[in-house]
Amino acid sequence: MENGENTTYRMSGDEIPKQDGFASSTDTSYTDANRAEANTTQRQNNSFSNNYDNFNNQSYNNQNFNTQSFNNQFGQAQTGFNTYQTANTTAPKKNKNGKKTFKRIVSLGLAAVLFGVIAGSVMCGVNYLGNKYVTKTATTQTPTIATVSAISAIQGDSDSNTTTSSQTSIDAQSIATSLLPAMVELNGTTIVSQTQTYGFGASNYQASTSGTGIIIGQNDTEILIVTNAHVIEDVNNLTAVFVDGTSAAASVKGSKTDKDIAVVAVDVSSLSSDTASKIAIAELDYTSEVAVGQPVVAIGNALGEGQSVTNGIISALNRTITVDNTEFSGLIMTNATINSGNSGGALINADGKVIAINFAKTSSDGVEGMAYAIPISNVVDLINTLMNKQTRTKVSESEAAFLGVSGVDMTEYYASVYGYPTGVLIRTVQSGSAAEKAGLESYDIITGFDDTTISSMSGLTSLLQYYKAGETVTIEYYHLEGSSYVLKTAEVTLGSRS
């Protein structure tokens with residue numbers, strides 16, 4: 001709230017109920033049959049062909065073209081040829097001198113043939129191994145995603161050596177062309193609890209969610225995407241849709257609600273080479289000076305209808321707003337149009353670099369052109385931390401971790417009524433459990449688990465499926481001291497259900 005006004009702020013990536021009508025937003029290998037056929041043909045050849053085929057077959061099978069193998073095969077061929085010579089020299093011959101000359105010619109010719117056969121077999125073997133192993137290795141390498149090249153999109157007055165904010169405009173078309181490959185639609189579903197009149201009773205329904213992500217990096221196995229925490233919070237079937245329209249499952253690496261930042265990952269092996277060649281990594285700018293009046297472009301998955309581009313200026317700096325009982329400060333205000341689904345999208349400067357992450361807009365009646373973005377400079381360290389977290393997969397049920405609490409959801413409604421933080425309000429703590437050993441008590445409110453925001457009991461239970469008993473994690477929670485809740489942390493060694 002500012003200046004005492006009753007102003008409402010809304011995240012720009014809220015779930016979109018279905019009833020609103022918005023969009024939910026191959027390498028050939030040698031087989032035993034091949035080898036059997038080759039062996040049958042081999043037995044039908046003459047002695048010199050047998051030496052060639054035996055050498056070649058051994059080379060293929062052993063994949064070992066060393067000097068010893070070469071010498072052994074050549075020695076066998078030479079022994080066979082010497083036997084041939086002996087048999088022909090022991091028989092009585094006429095015209096002895098002529099025969100000797102003829103034998104020398106034949107010997108030289110056969111030796112040449114034998115050398116050529118062996119050399120040829122070596123080359124065939126080398127080519128075979130090269131094709132089988134070298135080529136195969138090359139095709140399984142992780143594709144490298146290109147980085148968006150910085151562009152100079154400011155168009156100034158060509159008759160002036162200097163430009164001012166009033167003389168400049170931003171080339172939104174160039175920026176859109178460069179940055180759209182780095183933008184991702186993040187879609188999924190969530191269960192919405194709708195509180196009835198006076199807070200009694202609730203009805204649940206499934207709603208589609210939509211938001212935006214920015215490709216900001218790549219490691220050996222993953223494409224890394226930054227977005228808002230509220231875009232992925234309690235979302236099922238999270239899916240990333242790329243610029244070419246292809247999609248892939250996405251996993252949350254970590255999130256922080258009080259900063260509204262999250263990083264998700266997509267397994268690079270799930271992308272085709274064609275998709276990998278069309279997407280790009282955006283450049284984050286956290287060092288350049290940002291000024292009021294500076295032209296900017298916003299890109300996001302507005303209303304879940306796909307990526308769209310708007311432009312405007314930076315209207316104000318260092319603004320503070322409160323959203324869902326959480327205060328956010330140091331924000332950039334912009335008049336670039338931001339709508340539901342734009343959350344997690346990019347606010348881009350004239351050089352084509354991301355300077356902020358769009359996340360909220362003013363939704364009060366009669367108010368326009370007041371949207372807010374989180375400066376990259378405020379969260380760059382957090383983004384780096386989340387990018388380097390381990391991406392987890394579900395463990396077996398017998399290995400899954402157990403915390404030992406039962407609780408109820410402290411929803412936004414109850415949080416606003418009672419002034420409590422949102423999260424999981426602990427009702428009971430099991431005796432001897434990991435939670436009890438860590439000092440957690442009834443009426444504590446769990447808000448974070450291993451750098452991941454917790455907003456519901458179902459979310460906490462689901463998250464525990466990715467951790468093994470015996471692992472130690474940090475839990476963030478609020479503890480009631482007197483009449484107010486105080487934020488605390490606890491190191492918890494997770495137990496098992498058995």
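Small disclaimer: the values here were computed from a predicted structure and weren't measured.
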Quiz item: Within a strict 4.5 Å, meaning less than it, do heavy atoms of the Ile313 and Ile170 side chains meet?
Solution: no
Quiz item: Hey, what do you get for CD (Glu305) to CG (Asn301), rounding to the nearest 0.5 Å?
Solution: 8.5 Å
Quiz item: So, the side chain of Asp409 versus the backbone of Val424: is there a donor-acceptor pair under 3.5 Å, distance only?
Solution: no
Quiz item: Does Leu403 reach the side chain of Leu494, with side-chain heavy atoms less than 4.5 Å apart?
Solution: yes
Quiz item: Will you find, in the side chains of Thr391 and Glu222, an N or O donor that is under 3.5 Å from an N or O acceptor?
Solution: yes
Quiz item: Is there a donor-acceptor pair closer than 3.5 Å between any side-chain N or O of Thr334 and the backbone N or O of Ile314?
Solution: no
Quiz item: Of the non-hydrogen atoms in Leu386 and Ser255, which two are nearest, and what is the gap between them?
Solution: CD2-N, 4.0 Å
Practice problem: Only counting residues at least two apart or in another chain, list the ones meeting salt bridge (charged side-chain N to carboxylate O under 4.0 Å, His left out) with Glu491. | Solution: none
Quiz item: So, do Thr189 and Thr209 sit near enough that their side-chain heavy atoms are less than 4.5 Å apart?
Solution: no
Exercise. On the 0 to 90° scale, with breaks at 30° and 60°, tag the His479-Tyr477 ring pair as parallel, tilted or perpendicular.
Key: perpendicular
Quiz item: With no hydrogens and no angle check, do the side chains of Asp267 and Ser269 hold a donor and an acceptor under 3.5 Å apart?
Solution: yes
Quiz prompt | NZ/NE/NH1/NH2 to OD/OE distance under 4.0 Å, Lys389 and Asp450 | solution = yes
Quiz item: Can you name the nearest heavy-atom pair linking Pro421 to Ala415, along with the distance?
Solution: C-CB, 4.3 Å
Practice problem: Answer whether the closest heavy-atom distance between the side chains of Val296 and Ile348 falls below 4.5 Å. | Solution: no
Quiz prompt | Thr320 (side chain) donor-acceptor with Ser329 (main chain) under 3.5 angstrom | solution = no
Quiz item: What do you reckon, is CD of Glu481 surrounded by more than 12 foreign heavy atoms closer than 6.0 Å?
Solution: yes
Quiz item: Tell me, do Glu185 and Thr239 make a side-chain contact under 4.5 Å, heavy atoms counted?
Solution: no
Quiz item: Is the backbone N or O of Ile374 less than 3.5 Å from a side-chain atom of Asn378, with the two atoms forming a donor-acceptor pair by type?
Solution: no
Exercise. Determine yes or no for a side-chain-to-main-chain donor-acceptor pair under 3.5 angstrom, with Ser288 supplying the side chain and Asp285 the backbone.
Key: no
Quiz item: Distance from Asn187 atom CG to Ser208 atom OG, nearest 0.5 Å?
Solution: 8.0 Å
Quiz item: Under 3.5 Å, side chain of Asp351 to main-chain N/O of Lys353, donor-acceptor pair present?
Solution: no
Quiz prompt | Backbone N/O of Glu441 and side chain of Asp444: donor-acceptor pair under 3.5 Å | solution = yes
Exercise. Might you point out which heavy atoms bring Val268 and Pro143 nearest each other, and give the distance in Å?
Key: CG2-CG, 3.9 Å
Quiz prompt | Inter-residue atom distance Met387.CE - Leu224.CG, 0.5 Å rounding | solution = 4.5 Å
Quiz item: In Å and rounded to the nearest 0.5 Å, what is the CG to CG distance from Asp171 to Asn311?
Solution: 10.5 Å
Practice problem: Measure the shortest side-chain to side-chain distance between Tyr478 and Tyr420 over non-hydrogen atoms and say whether it is less than 4.5 angstrom. | Solution: no
Practice problem: Report the C-alpha separation of Phe242 and Leu271 in whole Å, then their side-chain angles, then the decisive distance to 0.1 Å, and conclude whether the side chain to side chain contact (heavy atoms under 4.5 Å, CB included) test is met. | Solution: CA-CA 10 Å; Phe242 299 97; Leu271 305 181; 3.5 Å; yes
Quiz item: What are the two closest heavy atoms between Ile145 and Ala276, and how far apart are they?
Solution: CD1-O, 3.6 Å
Exercise. Kindly state each residue pair satisfying side chain to side chain donor-acceptor pair (under 3.5 Å) with at least one member in residues 451-461, sequence neighbours excluded.
Key: Glu233-Ser455, Asp234-Ser455, Asp234-Ser456, Thr257-Thr453, Ser456-Ser458
Practice problem: Before giving the answer on side chain to side chain contact (heavy atoms under 4.5 Å, CB included), spell out for Asn358 and Tyr372 the whole-Å C-alpha distance, their side-chain angles and the decisive distance to 0.1 Å. | Solution: CA-CA 6 Å; Asn358 304 319; Tyr372 298 86; over 6 Å; no
Self-check item: Heavy-atom closest contact (Ser315 atom, Val292 atom, distance)
Solution: O-CG1, 3.7 Å
Quiz item: In Å, rounded to the nearest 0.5 Å, how long is the span from OG of Ser340 to CG of Leu303?
Solution: 6.0 Å
Quiz item: Any side-chain heavy-atom pair from Leu464 and Phe449 closer than 4.5 angstrom?
Solution: yes
Exercise. Keeping the roles fixed (side chain from Gln294, backbone from Val290), state whether a donor-acceptor pair exists under 3.5 Å.
Key: no
Quiz item: Does any donor atom in the side chain of Ser406 or Thr428 lie under 3.5 Å from an acceptor atom in the other side chain?
Solution: yes
Quiz item: Per the side chain to side chain contact (heavy atoms under 4.5 Å, CB included) rule, which among Ile223, Thr144, Ile214, Thr147 passes with Ile281?
Solution: Thr147
Quiz item: Taking the side chain from Gln465 and the backbone from Glu397, do they hold a donor-acceptor pair closer than 3.5 Å?
Solution: no
Quiz item: Judged by atom type as modelled, is there a donor-acceptor pair below 3.5 Å linking the side chain of Asp260 to the main-chain atoms of Lys256?
Solution: no
Quiz item: How close do Ile299 and Ala176 get, heavy atom to heavy atom, and via which atoms?
Solution: CD1-CA, 4.4 Å
Quiz item: Going through the checks in order, is the side chain to side chain contact (heavy atoms under 4.5 Å, CB included) test met by Thr322 and Phe328?
Solution: CA-CA 6 Å; Thr322 299; Phe328 298 91; over 6 Å; no
Quiz item: Is the closest side-chain heavy-atom distance between Ile357 and Val226 below 4.5 Å?
Solution: yes
Practice problem: Sorted by first residue and then second, give each salt bridge (Lys or Arg N to Asp or Glu O under 4.0 Å) pair with at least one member in residues 458-471; sequence neighbours left out. | Solution: Arg392-Glu471, Glu399-Lys468
Quiz item: From Ser272 OG over to Asp244 CG, what is the distance, rounded to the nearest 0.5 angstrom?
Solution: 6.5 Å
Quiz item: Leu284 and Ile216: side chain to side chain contact (heavy atoms under 4.5 Å, CB included), yes or no, with the steps?
Solution: CA-CA 7 Å; Leu284 303 183; Ile216 57 169; 3.8 Å; yes
Quiz item: Taking everything shown except Tyr485 itself, do over 12 heavy atoms lie less than 6.0 Å from its OH?
Solution: yes
